[in-house]
Amino acid sequence: MRFVADLHIHSKYSRACSRDCDLEHLTWWARRKGISLVGTGDFTHPAWYDHLTENLVEASPGLFRLRADLDRDIDRRLPPSLATTPVRFMLSVEISTIYKRGDRTRKVHHLVYMPDLQSAARFNARLAKIGNIGSDGRPILGLDSRDLLEITLECGGYLVPAHVWTPWFAVLGSKSGFDAIDDCYVDLASHIFAVETGLSSDPAMNWRVSGLDKYRLVSNSDAHSPPALGREATVFDTDLDYYSVRRALETGDGFAGSLEFFPEEGKYHVDGHRKCGVRMEPRETLAHNGICPECRKPLTVGVLSRVEELADRESGSPPAAAAGFTSLVPLPEIVGEIVGTGPKSKKVQTEIDRLTSALGPELVILQDVPVDDIAAHSTLLGEAVARLRRGEVVRDSGYDGEYGVIRVFEPGELERRRSAFSLFDYAAPVKSTVERPRPVAVEPVTPAPVAPVVVTGSLLDGLDPEQRAAAEVDGGPLLIIAGPGTGKTRTLTHRIADLVTSRGVPASECLAITFTRRAAEEMAERLAVLTPGVRDLTIATFHSLGVLILREHHSSVGLSASFGVADPDRQVEVALSVVADAKEARALVVSGDERYKKALRALDLVDFEDLISLPLALLEDSPDLVAAYRSRWRWVSVDEYQDVDEQQYRLLRLLTPPDGNLTAIGDPDQAIYRFRGADVGFFLRFREDFPAARTVHLTRNYRSSAAVVTGALEVIAPSSLVPGRELRPMVDHGSAPIGVHHASSEAAEAAFVARTIEQVLGGASFHAFDSGRVASDGTQGLGFSDFAVLCRTDRQSRALVDALTQSGLPFQKRSHDRLADRPGVARIANDLKYASGDTVLERVRAVAGDDHTAYELLKPLAATCDTDFERFHTALALGVEVDTWDPRADRISLLTLHASKGLEFPVVFIVGCADGLLPMRWPGTDDEEAVDEERRLLFVGMTRAQRHLYLSHTTGRPRSPFLNALKAYDQIGDAQPRRKRKGTQLSLL
DNA sequence: GTGACGTGCTTTTTT
DNA sequence: AGCACGTCAC
């Protein structure tokens, strides 16, 4: 038999879908449309799966129908003309996979079909291990598409790539897809036999790509509400059972083509800019080099361009084996055009009620009912359907998220005809349709030749005026107050590079000091690029500088030339040789007790503290030594100067005379290490210490959106250490306001984070894509590594770990690693960084017992590696390729606020914005300085965000007082009032 | 194995 | 402060 199938729909459990998406409504609407086979959608969702098992019964092999009692109810609510269509359901689900392949983030949607409930249950169980299938009817999994296909096949189902041309979510999509189906499913690609063309393309477009010839081109509605059912559909001429349908798709035998939208109606058919009113055909876009002639930004490229890109034939005839297709305009749209209202209006619904009870289902009216019979009800509709069947429609292509418009009548024609004929039984008011900006016609232009980039002038040409002013300062003390995201490292490296390459300063006289290895490595790398061939720069951390000085003068402090540095474990070990008790030993270490230090020296060891204090003592005792180092390093720079502690400061003062060439760079409002001895006071008194000092402010922020910059400034203002603090946003990162969320519990707060990430990555951004918002909010094309979740204490991360794990979102804790706390493994983790791979592997095997356990033990450790060097060694130890398993590749970062310093992310969440946590308070202390530092901590956290910043807090603690300074933000959702537990009373005080 | 009790407590780099 | 964790006794 010949029947119409719509095998891509969603249930009420999918985001942005109507609450009416249940089996009864779907059945009712399928009958009205004339669709015999409907996908269940969402069978992976536990609640929907239960709904399916309770309300469906098997009707034919592999297909289901509504339970008899429910079916009868629907019969009663439909006119006899519609009761004849049988409605069968096939188990279907759309799955979104997000993963990294070939250095690009891939987001691909797939349709999966199963022949029976047992197979579906098996499939669900497999997926549940990989991700959270309960959070949405369209689950998002961090899974390679090929692996999803493998699971599907193993469970007995088949897979059809969904709406293959959609830019952001499809196998052939321009943004996150592939250039060929085979590239996506690799070795299993031969198991793909059909592809869904989607609303924005029709088979004729697909015929231009010969690589698609071997696939059946199916169409479905992707309905988010029952009335959208069958707006596109597939036609079969075979038995109405699962196996016949599958066979028809596999072989083409029994496959009778598809019912299509006019592709011009799709929202991303051609290219353009909605805001600028610019719409272009692909070749016009090419002629403009993809740039909008109005705003000079890249145009949003549509499906037609993507097809053009992959096409290897001119448009024209279908390939030999291809089935045909029929282009339709949904009946409600045609009737809406005639009566002058939208397609969903009550008027249209009533009219279609009348038409369908007289003439049969909508699809039958559009395709098969004789025009004269239709004209008997409405002359205009008869004329409209006749034109539609001849393909005589007016097409206004969609672009940049704007729906295209397909009209049957010419402008003004309806008005003329209305005066002559009565329309249906009532007179239609002529309502002016809402005007939207007409696209500007753009003449194709010849692409201008691209001017070659000419390298001239000084290294400093690439700096902005403030950066340049700082970099250009010749000699003498220089203080650079560099706000977040203002190009601190860039300024410093350019300054040093310019001194060495253009101003005759010997590289050997330059010393740059940082606090962390990471910062030192970054500076070294960037200087290597700016000063090719220069080798004598000294770039050191304070501690490595200490080692350098001690190696040169070891005998003065009673060490051998090959003295060692004790790590914390060794420190305790040494202290234990002096006292018996572990607790006491730790106290010795902390206090730097003389007995402990003596024992260290006896072993030819120093500890980290000694690396500063011993060189300091050496220099304080020896003016000669001071003079020697001052003449050796005439040019000294210190990064993050607000973080120096007293000893480091004293050492620095000895290394540089008061009028010396010392450049200190930093931001006192980012001083967050007071607890470990840092004193921002040294930064603040730089001009007293170095009276000749010049000061330069860097205020141009190249990192964050205006909303983030403004909010961060408001938060820091009450206690800013930079008088008249300025920070100016320089890049357009969209206009998303800062989001503030109040959750009912820590778990709910974590769930909010996970949910929001899912939404931005896939689920709701699909919705956003539907409504054309993606391009403007800048969240397209994000991967997991573009998200960071920041918290005050490590303990808060627990709820986040749980929620992210639950949702199947890959993440990485960048600071503490719990595994590393285990003795033995901690040692190995350390060895991973410095020992050879072979040694490491041996030692891990010894601890783990077998290779598999060793691998499992090492895998999470690798996530803590900070540098490529470490990752290389870790990979070496595991005997695997770095690129194929590197877990840092694409993960959400879970960080403390402290650890976030110096980093940046497109999307940042700061959880626990509550009084008591931020600022952190604990009893007995009431330190105003400490509160100010907590405020700076929030400032640091907020300024990590590039585009989106979310601040959240939970019921139970008052909201952080720091947020009171925020003038504008978006309150997102809100907590349900917390239920009082029985027997507990909420205190009023 | 488990209940009672006591203790200690943020943030973190440095070879 | 409250909470998590360790230790001891049973």
Side-chain angles (χ1 to χ4, degrees), chain A residues 513-521 540-551 554 559 562-571 582-583 586-587 589-590 600 604-616 639-640 643-645 647-648 651 670-678 746 790-799 813-818 820-821 830-835 864 866-867 869-870 895-902 910 912 914-927 929-931 933-938 940-941 956-958 987 989:
Chain A
I513 308 173
T514 68
F515 281 86
T516 65
R517 286 191 346 236
R518 186 200 296 248
E521 274 168 29
T541 64
F542 270 105
H543 291 84
S544 65
L545 178 66
V547 171
L548 191 155
I549 294 172
L550 280 184
R551 294 260 180 244
H554 56 90
L559 291 165
S562 58
F563 67 87
V565 183
D567 65 16
D569 283 349
R570 197 70 206 278
Q571 286 179 284
K583 207 167 84 180
R586 276 193 291 272
V589 171
V590 172
L600 266 186
D604 200 23
L605 288 171
V606 296
D607 62 18
F608 289 128
E609 197 236 316
D610 292 330
L611 292 179
I612 310 298
S613 64
L614 292 180
L616 177 59
D639 195 12
E640 306 279 17
D643 284 335
V644 292
D645 66 24
Q647 298 227 321
Q648 290 159 341
L651 183 60
Q670 294 184 71
I672 54 172
Y673 285 112
R674 206 175 70 115
F675 72 90
R676 65 175 198 216
E746 246 191 5
L790 314 184
C791 49
R792 177 64 180 83
T793 68
D794 191 53
R795 199 164 64 80
Q796 291 169 273
S797 64
R798 246 182 243 186
K813 276 174 74 175
R814 283 242 210 135
S815 52
H816 263 14
D817 179 58
R818 296 201 160 276
D821 290 339
N830 202 50
D831 286 354
L832 275 176
K833 298 174 184 175
Y834 305 109
T864 69
D866 282 330
T867 64
F869 174 79
E870 292 171 18
L895 302 157
T896 61
L897 285 162
H898 283 92
S900 76
K901 197 168 168 209
I910 303 178
D915 200 9
L917 284 174
L918 197 62
M920 189 83 170
R921 276 189 226 281
W922 48 113
T925 50
D926 190 23
D927 184 348
E929 286 278 303
V931 173
E933 179 139 322
E934 298 281 316
R935 186 186 285 278
R936 294 196 288 267
L937 202 47
L938 179 59
V940 166
R957 289 178 193 272
S987 161
L989 297 171

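Below, chains carry the letters A, B, ... as their sequence lines are ordered, and counting in each starts from 1.
- Rounded to a whole angstrom, the distance from the C1' atom of B:dT12 to that of C:dA1 is 25 Å.
- Nearest to the side-chain atoms of A:Ala899 among the listed nucleotides B:dT15, B:dT12, B:dT10 stands B:dT12.
- At a threshold of 4.0 angstrom between heavy atoms, the contacts of A:Arg792 include nucleobase atoms, whether or not backbone atoms are also involved.
- With a 3.5 Å limit on both pairing distances and Watson-Crick or G-U wobble geometry required, the stems of 3 or more pairs in DNA chain B span B:1-9 with C:2-10.
- Residue A:Leu917 contributes atom CG, which lies 14 Å from atom C1' of B:dC9 at whole-angstrom precision.
- For A:Thr896, a side-chain nitrogen or oxygen approaches OP1 or OP2 of B:dT12 to under 4.0 Å.
- As rounded to whole Å, 16 Å separates atom P of B:dT13 from atom CZ of A:Phe542.
- Nearest to the side chain of A:His898, among B:dT14, B:dT12, B:dT10, sits B:dT12.
- For B:dT13, neither phosphate oxygen OP1 nor OP2 lies less than 4.0 angstrom from any side-chain nitrogen or oxygen of A:Thr541.
- Note on A:Lys901 versus A:Asp643: salt bridge recorded, some NZ/NE/NH1/NH2 to OD/OE distance being below 4.0 Å.
- Rounded to whole angstrom, the span from the CD atom of A:Glu609 across to the C1' atom of B:dT12 amounts to 16 Å.
- Within the nucleic acid shown, A:Phe515 comes within 4.0 Å of sugar-phosphate atoms alone, with no base atom in reach, counting heavy atoms only.
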Within the sub-3.5 Å range, which N or O atoms of nucleotides 2-4 of chain C have a protein N or O partner, and how far apart are they?
none

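- Rounded to whole Å, atom C1' of B:dT11 lies 12 Å from atom CG of A:Asp643.
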